[in-house]
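Please read the structure below before turning to the comments.
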Amino acid sequence: MNTITIVGGGTSGWMTAVLLNQAYNKFGQTVKVRLIESPDIDIVGVGEATVPAIKDFLQAVGIDEMDFMKHTNATIKTGILFKNWCAPSKDGQVHTYMHPFDQEKAEKRLDVATSWLLSERRKPYDQSVSIAHALAQKNLTPKVMNSKSFQSIVPYSYHLDARLFGQYLRDYACAKGVERIEAHVSSVNSSGNIIDSLDTTKGTFKSDYFIDCTGFRSLLISQVDDDSNWHSYRDSLFCDRAVTVQTPHEAGYSSKSYTESYALNAGWAWKIDLQNRTGNGYVYSSRYIDSKTAENEFRNHLNLPDDIQFNHIEMKVGRRKQQWVGNCVSVGLSSGFIEPLESTGLHLIYLAARFFVLHNNFSGNSQSNIDNFNLTMCKTYDELKDFIVLHYVLSDRKDTEFWRDVHKTLDFCPELSKRLELWKSKVCEFFDVSDSTSHMFSDTSYRYILYGMNYFPELKIPTIDGEFEDIFQYLDERKKQACNAVLSHSDFINKIQGKSNFVSVKL
Ligand SMILES: Cc1cc2nc3c(=O)[nH]c(=O)nc-3n(C[C@H](O)[C@H](O)[C@H](O)COP(=O)(O)OP(=O)(O)OC[C@H]3O[C@@H](n4cnc5c(N)ncnc54)[C@H](O)[C@@H]3O)c2cc1C
């Protein structure tokens with residue numbers, strides 16, 4: 001029987017273990033899946049916001065939605081609310097826009113975005129075309145009373161407790177036959193680019209494949225490659241540190257059904273509401289402020305007293321050029337990292353584990369399979385990086401050195417530069433991004449950022465006053481209907497916690 005050994009018990013290790021086990025062993029054991037995790041090294045313990053594709057992972061491995069939400073203190077996420085990413089308005093209002101996960105269609109018109117651009121723009125773009133935005137404003141979920149598991153009227157994802165998610169997946173994996181070994185790996189024995197075995201505090205382990213889920217340490221893959229295998233995003237993504245803190249909910253607090261991203265002096269702060277607490281983090285650039293200044297700024301932003309302890313994290317921003325080398329595949333932080341502005345980390349783990357299954361044939365993988373895996377992962381990383389850069393370079397903030405400099409990152413993103421040039425004179429549409437590999441963020445997402453950040457094209461299409469009134473009246477009506485039909489976020493959380501008699505219907 002072939003053996004796959006995963007090293008690392010963070011989210012990437014356990015997501016990979018569950019997925020590989022499901023792929024290979026669902027009809028009886030054909031592959032031994034083993035996971036080794038160190039009792040001495042903690043997991044990074046962040047990674048609490050997700051994108052809708054997380055539901056594909058949960059469904060693919062047969063996890064029940066309500067059970068998962070209950071055990072990970074999860075809440076619903078309908079999108080991200082961005083605040084302070086542009087300069088305040090003349091009357092001092094904080095700039096605000098949302099990247100929701102849905103977009104409505106315009107019947108019998110070119111498309112809803114062009115219609116909005118040509119219209120009188122009575123309301124901002126996100127408010128005009130998205131039902132999820134309307135739900136978020138009222139703190140509603142996209143689920144109606146009898147929504148089946150994973151079903152909803154518009155796409156959604158979750159906020160979850162990273163530590164509890166790891167434990168939940170660990171229990172799930174072990175119950176299904178994954179072997180868990182609590183041991184510290186002390187050396188990696190390899191010849192050329194092939195890892196032969198690992199020496200650990202509980203003995204030596206041989207394996208056909210080794211999956212490196214050791215986080216930023218990259219313990220395994222760094223043994224079979226060298227420094228030339230690193231592609232840094234240093235010039236295009238300035239943020240390389242985070243300072244984090246968890247805050248408990250006060251009695252009566254109602255968890256928000258969206259992530260908040262508030263731009264600060266040298267980066268931005270996330271706010272992620274779980275059922276029982278809020279996760280907060282300030283992602284900043286160490287080139288512009290030091291850790292003490294960041295911590296103080298963040299403490300003031302959150303209005304927290306001096307005695308509260310913060311956690312500091314260094315982030316290695318970039319990706320490996322080859323994430324699969326010989327018989328070693330890096331997954332999670334060991335393969336690369338893009339700052340968490342659009343919550344892409346967990347999705348990249350799912351992609352890598354899934355692509356490994358699709359490319360692996362256990363009989364001495366052909367180099368073309370390995371090359372294709374590497375190419376796909378690298379292109380995905382690069383596209384996501386460009387999408388993150390977009391959020392910064394459209395800002396008109398000039399109040400700190402960071403914000404004055406950040407537009408320079410565009411010089412290192414030629415694809416994005418070309419697209420932005422194009423979108424000066426035409427609407428951003430599917431065909432402009434259809435050569436994308438990842439498809440994680442399509443034209444729909446790009447438009448929310450472009451128009452939310454006031455980057456509008458000059459269109460030369462004739463129009464008459466009031467031509468588009470009916471579309472936006474119709475969409476307003478649909479939003480009203482949706483808001484009347486769905487469950488509130490607090491009702492839904494009560495149901496997850498068994499405080500009411502709601503039963504989710506299994507698909
Ligand atoms: C600041 C920040 C915010 C983030 N926010 C998000 C987000 O909102 N959404 C999202 O999707 N992603 C986010 N991410 C990314 C996400 O946190 C990671 O993708 C995810 O946690 C996976 O981490 P990991 O499992 O690769 O590494 P880790 O959690 O670091 O786990 C490493 C594991 O390797 C083990 N290990 C290390 N050395 C050894 C050894 N010698 N022997 C045995 N075991 C060893 C450790 O014990 C540990 O179990 C964020 C990341 C950061 C840094």
Side-chain angles (χ1 to χ4, degrees), residues 5-17 34-54 57 77 80 157-163 165-167 169-170 180-188 198-202 205 210-223 239-245 259-261 267-272 274 279-284 294 310-317 323 329-353 381 384 388 440:
T5 298
I6 300 161
V7 182
T11 314
S12 66
W14 286 113
M15 278 180 76
T16 306
R34 169 198 292 140
L35 187 144
I36 303 175
E37 59 179 323
S38 171
D40 308 325
I41 300 177
D42 199 8
I43 62 168
V44 70
V46 280
E48 307 209 310
T50 59
V51 292
I54 183 84
F57 166 77
K77 173 179 167 186
I80 306 176
S157 65
Y158 314 97
H159 302 127
L160 50 86
D161 182 317
R163 213 164 270 283
F165 187 44
Q167 288 164 13
L169 292 175
R170 181 193 65 200
R180 174 184 180 226
I181 294 168
E182 253 196 300
H184 189 81
V185 175
S186 50
S187 68
V188 179
L198 305 173
D199 294 336
T200 79
T201 43
K202 295 223 174 114
F205 292 90
F210 293 89
I211 314 287
D212 186 345
C213 295
T214 60
F216 287 125
R217 282 181 178 75
S218 310
L219 184 72
L220 274 58
I221 191 105
S222 60
Q223 295 292 311
C239 292
D240 58 355
R241 296 278 191 285
V243 48
T244 67
V245 66
T259 308
E260 190 179 296
S261 162
W268 60 277
W270 77 73
K271 179 170 176 284
I272 296 175
L274 303 184
N280 311 278
Y282 178 13
V283 175
Y284 65 94
F310 287 78
N311 179 32
H312 289 264
I313 302 172
E314 283 190 24
M315 308 184 306
K316 193 175 173 197
V317 183
Q323 307 185 3
V329 183
S330 56
V331 177
L333 298 174
S334 66
S335 65
F337 181 63
I338 301 169
E339 62 151 279
L341 185 58
E342 284 281 354
S343 328
T344 46
L346 269 53
H347 183 60
L348 285 164
I349 295 167
Y350 169 53
L351 277 189
Y381 264 88
L384 295 180
I388 300 302
M440 197 195 293

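One-based numbering, in listed order, for ligands and for the atoms of each. Residues: numbered from 1 along the sequence shown.
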Answer with side chain, backbone, both or neither: which part of [X] has a heavy atom less than 4.0 angstrom from an atom of ligand 1?
{"X": "Arg217", "value": "side chain"}
{"X": "Ala183", "value": "backbone"}
{"X": "Thr200", "value": "neither"}
{"X": "Leu348", "value": "neither"}

Protein heavy atom at shortest distance from [atom]:
{"atom": "atom 13 (C) of ligand 1", "answer": "Gly47 CA, 3.3 Å"}
{"atom": "atom 49 (O) of ligand 1", "answer": "Gly9 N, 2.8 Å"}
{"atom": "atom 46 (C) of ligand 1", "answer": "Ile41 O, 3.4 Å"}
{"atom": "atom 35 (C) of ligand 1", "answer": "Gly8 CA, 3.6 Å"}
{"atom": "atom 25 (O) of ligand 1", "answer": "Ser12 OG, 2.7 Å"}
{"atom": "atom 3 (C) of ligand 1", "answer": "Pro340 CG, 3.4 Å"}
{"atom": "atom 29 (O) of ligand 1", "answer": "Val44 N, 2.9 Å"}
{"atom": "atom 15 (C) of ligand 1", "answer": "Phe337 CE1, 3.9 Å"}

Going by distance only, is there an N or O of [X] that falls short of 3.5 Å from an N or O of ligand 1?
{"X": "Val185", "value": "yes"}
{"X": "Ala49", "value": "yes"}
{"X": "Val331", "value": "no"}
{"X": "Ser38", "value": "yes"}
{"X": "Leu346", "value": "yes"}
{"X": "Val46", "value": "yes"}

Which heavy atom of [X] sits nearest a heavy atom of [Y], and at what distance?
{"X": "Phe165", "Y": "Phe57", "value": "CZ-CE2, 4.3 Å"}
{"X": "Leu219", "Y": "Val188", "value": "O-CG2, 4.0 Å"}
{"X": "Tyr381", "Y": "Ile338", "value": "O-CD1, 3.3 Å"}

[atom1]/[X] to [atom2]/[Y] distance, rounded to the nearest 0.5 angstrom?
{"X": "His184", "Y": "Lys202", "atom1": "NE2", "atom2": "NZ", "result": "13.0 Å"}
{"X": "Thr259", "Y": "His159", "atom1": "OG1", "atom2": "NE2", "result": "3.0 Å"}
{"X": "Met15", "Y": "Leu348", "atom1": "CE", "atom2": "CG", "result": "10.0 Å"}
{"X": "Leu220", "Y": "Leu198", "atom1": "CG", "atom2": "CG", "result": "5.5 Å"}
{"X": "Ser157", "Y": "His347", "atom1": "OG", "atom2": "NE2", "result": "11.5 Å"}
{"X": "Ile36", "Y": "Glu182", "atom1": "CD1", "atom2": "CD", "result": "12.0 Å"}

**Message:** Apply side chain to side chain contact (heavy atoms under 4.5 Å, CB included) to residues Arg170 and Glu37 and explain how you reach the verdict.
**Reply:** CA-CA 11 Å; Arg170 181 193 65 200; Glu37 59 179 323; 4.1 Å; yes
Atoms of ligand 1, numbered as shown, that sit under 4.0 Å from any heavy atom of [X]:
{"X": "Leu219", "answer": "40 (C), 41 (N)"}
{"X": "Ile43", "answer": "29 (O), 48 (C), 49 (O)"}
{"X": "Gly215", "answer": "26 (O), 27 (O), 30 (O), 32 (C)"}
{"X": "Ala242", "answer": "1 (C)"}
{"X": "Ile349", "answer": "19 (O), 22 (C)"}
{"X": "Leu333", "answer": "18 (C), 19 (O), 23 (O), 26 (O), 27 (O)"}
{"X": "Gly332", "answer": "26 (O)"}
{"X": "Gly345", "answer": "10 (C), 11 (O), 12 (N)"}

**Message:** Applying side chain to side chain contact (heavy atoms under 4.5 Å, CB included) to Asn311 and Val245, what does each step give before you reach the verdict?
**Reply:** CA-CA 6 Å; Asn311 179 32; Val245 66; over 6 Å; no
**Asked** Is there a donor-acceptor contact under 3.5 Å linking the side chains of Ser187 and Asp199?
**Response**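 Short answer, yes.
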**Message:** Regarding Trp270 and Glu48, do their side chains bring together a donor and an acceptor under 3.5 Å, going by distance alone?
**Reply:**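 Per modelled atom types, Trp270 and Glu48 side chains form no pair under 3.5 Å.
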**Request:** In sequence, state the C-alpha distance, the side-chain angles, and the governing distance for Lys271 and Ser261, and then conclude on side-chain hydrogen bond (donor to acceptor under 3.5 Å, both in side chains).
**Result:** CA-CA 7 Å; Lys271 179 170 176 284; Ser261 162; over 6 Å; no
**Prompt:** Donor-acceptor pair, Lys316 side chain versus Gly336 backbone, under 3.5 Å?
**Reply:**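 Pair absent, no side-chain N/O of Lys316 close to backbone of Gly336.
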**Asked** Out of Cys213, Ala162, Gly166, Pro39, whose heavy atom sits nearest atom 33 (C) of ligand 1?
**Response**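 It is Cys213 whose heavy atom sits nearest to atom 33 (C) of ligand 1.
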**Message:** I'd like to know if Thr11 contacts ligand 1, where contact means a heavy-atom distance under 4.0 Å to any ligand atom.
**Reply:**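 Distance cut 4.0 Å: Thr11 passes for ligand 1.
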**Prompt:** So with a 6.0 Å cut-off around CD of Glu314, is the heavy-atom count from everything else above 12?
**Reply:**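 No.
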